[in-house]
Amino acid sequence: MNNRAYIAADNDGQPILKFLLRELKPKGKALTPFNIISVPIILLGVVLIVYRFIYGIGSITNLSQDMPWGLWIGFDVVTGVAFAGGAYVLTFMVYILNMKKYHSIVRVTVLNGFLAYLFYAGALLLDLGRPWNVINPIIGNNFGVSSVLFLVAWHFLLYMVAQLIEFSPAIAEWLGARRARKILSGMTLAAVIFGITLSMLHQSGLGALYLMAKEKIHPLWYSEFIPIMFFVSSIFAGLSMVIFEGSVSHRIFADQISDKHQKAQAGIIHGLAKVCTGALFAYFFLQVLVFLHGKNWVYINTPMGYWFLVEMLGFVLVPMLLFFYSYRKGNIFLIRLASIVTMVGVVLNRLNVTVIGFRWDAAVHYVPSWMEIVVTLTVLFTEIWIFRWVINRMPVLRESPKWVNETKTNQVSVVDHRRA
Amino acid sequence: MDLNRRSFFKVMGATGLTLAVGKDLKASPKAGKEKEFYGVLYDSVRCKGCRGCEYDCADANGLPEPLPNKEIKGLRKPDEFHRTVVNEYKTSKGIVYAKMQCMHCNEPACAAACLTQAMTKTQDGPVIWRGDKCMGCRYCMVSCPYDTPKFEFHSANPKIQKCTMCYETRVQKGELPACVENCPNEALMFGTRRELITEARKRIVENPDLYYDHINGEHEAGGTCWLQLSPVPFHELGVKTVSNESYPSMTKGFLYSVPSVFVLVPALLLGIQQSTKGNSLKEDNEDE
């Protein structure tokens with residue numbers, strides 16, 4: 001099975017065009033449950049997107065003058081980017097703190113993060129009323145520098161470049177480009193440092209977007225600390241996604257993962273659970289502080305107050321305790337469960353700020369139309385398709401081709417030689 | 001060493017860029033230009049609710065004609081077809097009319113929110129929208145405390161509709177805004193903001209029984225160019241309670257932290273990376 005992949009990765013003698021054409025062809029079974037569900041939805045979604053560009057955003061969404069941003073921003077962009085936060089946390093652990101243990105999952109996490117940004121920025125384009133002007137803030141004739149959205153847009157772009165650089169050695173290995181691989185992997189550290197800084201700023205920036213909507217967001221969710229809350233929660237949102245996604249891909253792509261990495265998986269999940277416990281605790285503590293300082297208890301005995309308690313207790317405190325308990329007991333199943341509960345909590349939190357708590361007092365509250373949901377699923381499924389395509393071709397989960405290690409050992413011995 | 005130098009340049013580049021970009025944060029008027037904002041004073045005491053301004057506005061801006069009185073039910077808000085509406089309110093002092101439109105904030109949230117400078121505060125005071133720059137993200141709508149900008153959701157080439165105080169079509173040519181010029185009851189008055197506030201105070205002082213002692217827009221949202229007088233407290237006229245703080249200042253703290261983060265965090269990260277480097281080499285050897 002792996003034999004063919006090796007040839008592809010080490011295709012020195014092959015003409016590149018022929019190689020690419022062959023790689024473009026689908027691999028594996030066509031009629032998997034995922035394909036059967038996703039293909040019709042994607043096709044329907046494409047039709048809806050075409051319809052939207054002809055008849056306007058209002059033709060397929062329930063957005064209104066009072067609710068200018070709905071599911072596409074609140075879920076696709078704001079929530080999706082929080083889940084993509086795993087990439088910067090993991091690169092911090094591996095390249096900055098030099099925690100070697102997590103090295104085997106960096107590539108897949110960065111790939112996930114890159115695709116998430118690519119597709120969620122894409123979703124942003126669907127939501128733009130005048131997308132042909134999207135280049136204005138980029139080419140420099142109209143810099144709206146006082147805008148948080150300007151910062152977020154630029155950071156999305158730059159971070160995508162940083163992630164592409166972080167991931168590029170895998171592409172070079174796939175194409176068998178030895179020299180390029182060497183140059184690109186030399187850029188990794190710079191890209192990582194740049195990427196972490198960008199992530200800190202735009203993860204919090206997504207929260208800062210809502211700072212001016214002071215009277216529109218329910219006071220239990222609005223505070224001057226939204227940016228910090230968004231940043232801290234992106235840590236455990238990202239890592240829970242890494243735990244969840246790792247568990248899924250270890251089952252689906254089991255044939256690609258070496259025994260060594262298969263065994264290391266448990267240790268990795270344990271470590272991440274520990275980090276999640278800490279981050280969730282910090283977040284919960286922050287929420288309590290903001291709650292007390294804002295004298296927010298006056299809102300508790302209302303429907304929105306109960307909803308707030310559900311989020312804070314059920315989806316922050318409970319998963320925190322669950323993570324704590326399960327890593328102490330070494331129970332992988334419970335860790336996975338905790339990561340899922342955490343993810344639901346992050347979705348709730350982001351939607352509470354952007355959709356549910358936004359104009360909570362409106363007479364007619366916004367509920368996304370089925371078409372908005374289909375387009376969201378289209379974006380999500382297309383991303384998974386691309387993800388699967390890359391995993392099946394490039395050395396992301398599986399080991400790098402042999403020549404990489406050969407050059408590496410050479411380098412190490414050179415270093416050792418110099419040191420001696 | 002090589003890495004150090006490269007990261008150093010990266011940090012310096014990023015810092016320089018942020019510093020260069022971070023300077024002009026507020027959408028406030030440029031200092032040094034002694035120009036006063038123009039504005040409009042709207043007096044609900046004088047307004048007879050004829051809705052003539054609605055028709056003049058639609059006419060001047062090429063919008064569909066407003067509904068006749070008998071077809072109107074309940075309170076209306078401006079929308080993508082109506083840049084202004086006049087509503088009838090039953091208040092503690094009987095029926096009072098109130099006109100709604102863009103308040104033309106001194107420091108507009110919409111202009112601070114706009115990442116393409118499509119929404120912009122002109123030097124003369126009116127806040128205008130420029131279609132050739134707008135990308136339709138609707139962040140102005142999220143940010144505006146008065147919910148002024150309206151978006152054409154059912155168009156493939158959607159525009160933002162809002163009152164521009166007829167800036168480009170009339171005020172720049174020395175004419176009055178359409179609504180002001182045609183108001184038969186002199187409920188609308190155009191002038192510099194300073195003159196208007198003086199005039200408003202005068203009316204309150206001369207007729208304390210007729211007027212509620214407050215000028216809406218003098219301090220709201222950091223001050224607005226559109227000012228309003230009323231016989232009753234403003235909440236009875238459906239006027240939104242907004243903070244007196246300027247809205248762009250709410251994001252200032254966050255935006256000002258950006259340059260510091262860009263300088264300090266990479267330096268810190270590089271420091272940590274260097275100090276943990278030894279560990280990895282050892283483990284490397286153990287691993288492979």
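Only the side chain of B:E245 comes within less than 4.5 Å of a heavy atom in chain A; its backbone stays farther off. Looking at B:C114, the atoms closer than 4.5 Å to chain A (heavy atoms on both sides) all sit in the backbone: N, CA, C or O. Contact of A:S204 with chain B is made through backbone and side chain together, with heavy-atom distances under 4.5 Å. Of the two parts of A:I57, the backbone and the side chain both hold a non-hydrogen atom closer than 4.5 Å to a non-hydrogen atom of chain B. Interface residue A:R359: only side-chain heavy atoms are found under 4.5 Å from chain B. Using a 4.5 Å cut-off between heavy atoms, B:T251 contacts chain A through both its backbone and its side chain. Of the atoms belonging to B:F151, heavy atoms from both backbone and side chain fall under 4.5 Å from chain A. With a 4.5 Å cut-off on non-hydrogen atoms, A:F92 touches chain B through its side chain but not through its backbone. Proximity to chain B (any heavy atom under 4.5 Å) is restricted, for A:P227, to the side chain, taken from C-beta onward. Residue contact with chain A, scored on non-hydrogen atoms closer than 4.5 Å, involves the side chain of B:K77 exclusively. Interface residue B:T241: only backbone heavy atoms are found under 4.5 Å from chain A. For a residue to count as touching a neighbouring chain, one of its non-hydrogen atoms must lie under 4.5 Å from one of that chain's; by this rule A:L124 does not touch chain B. The contact between A:Q65 and chain B is made by backbone and side chain atoms together, counting heavy-atom distances below 4.5 Å.
B:F262 and A:H155 have their aromatic ring centers within a separation under 6.0 angstrom. Checked against the 6.0 Å centroid threshold, A:W69 and B:Y139 count as a close aromatic pair.
Among A:P131, A:A208, A:A213, the residue with the largest count of heavy-atom pairs under 4.5 Å with chain B is A:A208. Each of A:S64, A:G129, A:S59, A:G205 has some count of heavy-atom pairs under 4.5 Å with chain B, and the biggest count is that of A:G129. Top candidate by heavy-atom pairs under 4.5 Å with chain A, chosen from B:E152, B:E80, B:R138, is B:R138. Among A:L198, A:T61, A:T197, the residue making the largest number of heavy-atom pairs under 4.5 Å with chain B is A:T197. Ranked by non-hydrogen atom pairs under 4.5 Å with chain B, the options A:L211, A:L209, A:I54 are led by A:L209. Taking B:D132, B:D79, B:V242 one by one and counting their heavy-atom pairs under 4.5 Å with chain A, the maximum is reached by B:D132.
Applying the ring-ring contact (aromatic ring centres under 6.0 Å, His included) test between A:H202 and each of A:F231, A:Y159, A:Y120, A:Y88 identifies A:Y159 as the sole match.
Between the side chains of B:Y146 and B:T224, not a single donor N or O lies within less than 3.5 Å of an accepting N or O.
Enclosure of atom CZ in A:F53 by more than 12 non-hydrogen atoms of other residues, nucleotides or ligands within 6.0 angstrom is indicated.
Listed for the B:R76 side chain is no donor-acceptor partner under 3.5 Å among the backbone atoms of B:V85.
Between A:F230 and A:Q203 there is no side-chain heavy-atom pair separated by less than 4.5 Å. Considering only heavy atoms from C-beta on, B:L115 comes within 4.5 Å of B:M135 through its side chain.
To the nearest 0.5 Å, atoms CD1 (A:I73) and CG (A:L206) are separated by 9.5 Å.
Using cut-offs of 30° and 60° on the angle between ring planes, the pair B:F234 and B:H214 is perpendicular.
With B:F37 as the aromatic partner, B:K121 meets the cation-pi criteria of under 6.0 angstrom to the ring centre and within 45 degrees of the ring axis.
Between B:E107 and B:K252, none of the side-chain N atoms (NZ, or NE/NH1/NH2) sits under 4.0 Å from a carboxylate O, so this pair counts as no salt bridge.
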